[in-house]
Amino acid sequence: MKFRYFLTAAAIIAAVPAAQAQDANVEGRVVKLEKEMKAVQRKVFPDGAGKFFEPEIQPDGTKPATSGTPSASAVTDLIARVDALETQLASLTGQVETQGAGMKAIDERLKALESQVKAGNTVAATNVAQADPGVTVTPAKTTAASKPAPAPVKPTAPAKPTAARTAAVAAVERPSTGDGFEDGYSYGYRLWEAKFYPEAQVQLQDTVNKYPKHKRASFARNLLGRAWLDDGKPATAVKIFYDNYKNDPKGERAPESLYFLGDALTDLGKAPEACEAYGQLASAYPSEAGGRLAARLAEGRKKAKCK
């Protein structure tokens, strides 16, 4: 009898390390999944600001545990967390893949448009050239493994500004606060607001060139695109807006650049591409698309006759 008790006790003692190992293994999976989910969240919600959410720890079909009531066992709780995390991770990963596919589609459409402009042998290319005669596109040597280098945008001031225009431009106050970026951006904004678009293009391009990494550079690049768009040069505006979104998706004006990208594409007679840009805006920035840009987005889709 004593020998039987001895065997039972030994079995229990031997099972303790195994249970502890199982707990450690499951806990390790939980930690790994939580890190992966946070990484995916940063891609799905590039602008952050409270859009991260904590994982549900209850398995599907069950109610959350009431306050003060512990789980049946630590292992059961951990397994429930793993199941919930894996489900959410799969959902978030799907959103990332959808967003990436949208960017790729827009990229391919714009490359095709750029090829048409360079070739100059299609009706669409002729229309673009007529709509934007000031744009000169220089063919660049490319390989399958490299991307074409962006052609520099060269703003063009009026050929022979009148004395009245010169005086009017000089009357626009140039800020002088000691902050190089803000002074340059504010002056460019004032020129744009006064409808001196070529002068605004020169000023904003200079500001972007001097402060490419400034925390508000997204504002300057977006306004630069608008200065070209409002000046009747949508082909140049398309490139600026798309680069601002693609190269700085977390920038504060990246959503606006996607909207104006669609607007510029519509002006070029590229309604399908414009609808893709609007769709990408709604997918990548749902809060902005349903908030401050909602009215503009609805108007843009109507103008492009998006389905």
Side-chain angles (χ1 to χ4, degrees), residues 46 95-137 139 147-148 150-151 153 192 195 197 201 218 221-249 251 253-307:
Q95 293 181 48
V96 171
E97 291 175 349
T98 300
Q99 182 173 330
M103 288 184 65
K104 183 179 179 181
I106 293 175
D107 198 15
E108 290 175 350
R109 293 278 192 174
L110 290 177
K111 285 181 179 178
L113 177 61
E114 185 178 5
S115 297
Q116 291 178 348
V117 175
K118 288 180 181 179
N121 59 359
T122 64
V123 175
T126 301
N127 291 339
V128 171
Q130 292 174 350
D132 199 351
V135 177
T136 301
V137 182
K147 296 182 179 179
V153 177
W192 168 79
K195 301 187 186 305
Y197 300 129
Q201 293 160 14
S218 178
R221 289 189 293 266
N222 184 69
L223 186 58
L224 175 61
R226 294 192 65 182
W228 281 99
L229 182 61
D230 293 341
D231 196 25
K233 308 295 193 303
T236 301
V238 161
K239 178 172 178 53
I240 295 172
F241 288 133
Y242 182 64
D243 285 346
N244 192 36
Y245 161 66
K246 184 177 180 182
N247 298 332
D248 189 15
R253 282 297 180 265
E256 276 78 3
S257 285
L258 264 181
Y259 164 73
F260 286 113
L261 171 62
D263 200 18
L265 287 167
T266 301
D267 287 352
L268 286 171
K270 298 294 180 180
E273 289 86 345
C275 292
E276 288 185 17
Y278 294 141
Q280 183 67 8
L281 168 59
S283 174
Y285 307 100
S287 294
E288 288 76 6
R292 67 173 189 261
L293 296 177
R296 282 182 169 179
L297 183 56
E299 182 181 352
R301 281 176 161 162
K302 182 179 179 180
K303 182 180 178 181
K305 299 180 179 178
C306 302
K307 294 181 180 180

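Basis for what follows: all heavy atoms, side chains included, without hydrogens, waters or symmetry-related copies. When a residue number appears, it is its place in the shown sequence, counting from 1.
By the 4.5 Å heavy-atom criterion applied to side chains, Tyr285 and Pro249 are counted as neighbours. Inter-residue side-chain proximity for Lys239 and Asp243 is flagged as met; some heavy-atom pair is nearer than 4.5 Å. Between Glu288 and Tyr259, every side-chain heavy-atom pair lies at or beyond the 4.5 Å cut-off. Inter-residue side-chain proximity for Tyr278 and Thr266 is flagged as met; some heavy-atom pair is nearer than 4.5 Å.
Residue Asp263 holds its CG atom at 9.0 Å from CZ of Arg226, rounded to the nearest 0.5 Å. Atom CZ of Phe241 and atom CG of Leu258 lie 10.5 Å apart (nearest 0.5 Å). Distance NZ/Lys270 to CG/Leu268: 8.0 Å, rounded to 0.5 Å. Residue Leu261 holds its CG atom at 8.5 Å from OH of Tyr242, rounded to the nearest 0.5 Å.
In this structure, Ala274 and Gly262 approach most closely via the heavy-atom pair CB-O, 3.3 Å. Residues Gln201 and Asp231 come closest through the heavy atom pair NE2-OD2, 3.2 Å. Considering every non-hydrogen atom in both Gly251 and Pro255, the closest pair reads O-CD, 3.9 Å.
Residues passing the side-chain hydrogen bond (donor to acceptor under 3.5 Å, both in side chains) test with Asp230, sequence neighbours excluded: Trp192. The side-chain hydrogen bond (donor to acceptor under 3.5 Å, both in side chains) check on Asn244 picks up Arg221, Ser257, with sequence neighbours excluded.
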Under 3.5 Å donor-acceptor pairs involving side-chain atoms of residues 290-305, not counting sequence neighbours:
{"residue": "Arg292", "atom": "NE", "partner": "Glu256", "partner atom": "OE2", "Å": "2.6"}
{"residue": "Arg292", "atom": "NH2", "partner": "Glu252", "partner atom": "O", "Å": "3.4"}
{"residue": "Arg292", "atom": "NH2", "partner": "Glu256", "partner atom": "OE1", "Å": "3.1"}
{"residue": "Arg292", "atom": "NH2", "partner": "Glu256", "partner atom": "OE2", "Å": "3.1"}
{"residue": "Lys303", "atom": "NZ", "partner": "Asp267", "partner atom": "OD1", "Å": "3.3"}

Q.
One pair to check against side-chain contact (heavy atoms from CB on, under 4.5 Å): Gln280 and Tyr245. What are the steps and the verdict?
A. CA-CA 11 Å; Gln280 183 67 8; Tyr245 161 66; 2.9 Å; yes
**Q.** Worked check of side-chain contact (heavy atoms from CB on, under 4.5 Å) between Phe260 and Asn222
**A.** CA-CA 9 Å; Phe260 286 113; Asn222 184 69; 4.0 Å; yes
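Legend: disulfide bond (SG atoms under 2.5 Å apart) pairs involving residues 271-307, not counting sequence neighbours, sorted by first then second residue: Cys275-Cys306.
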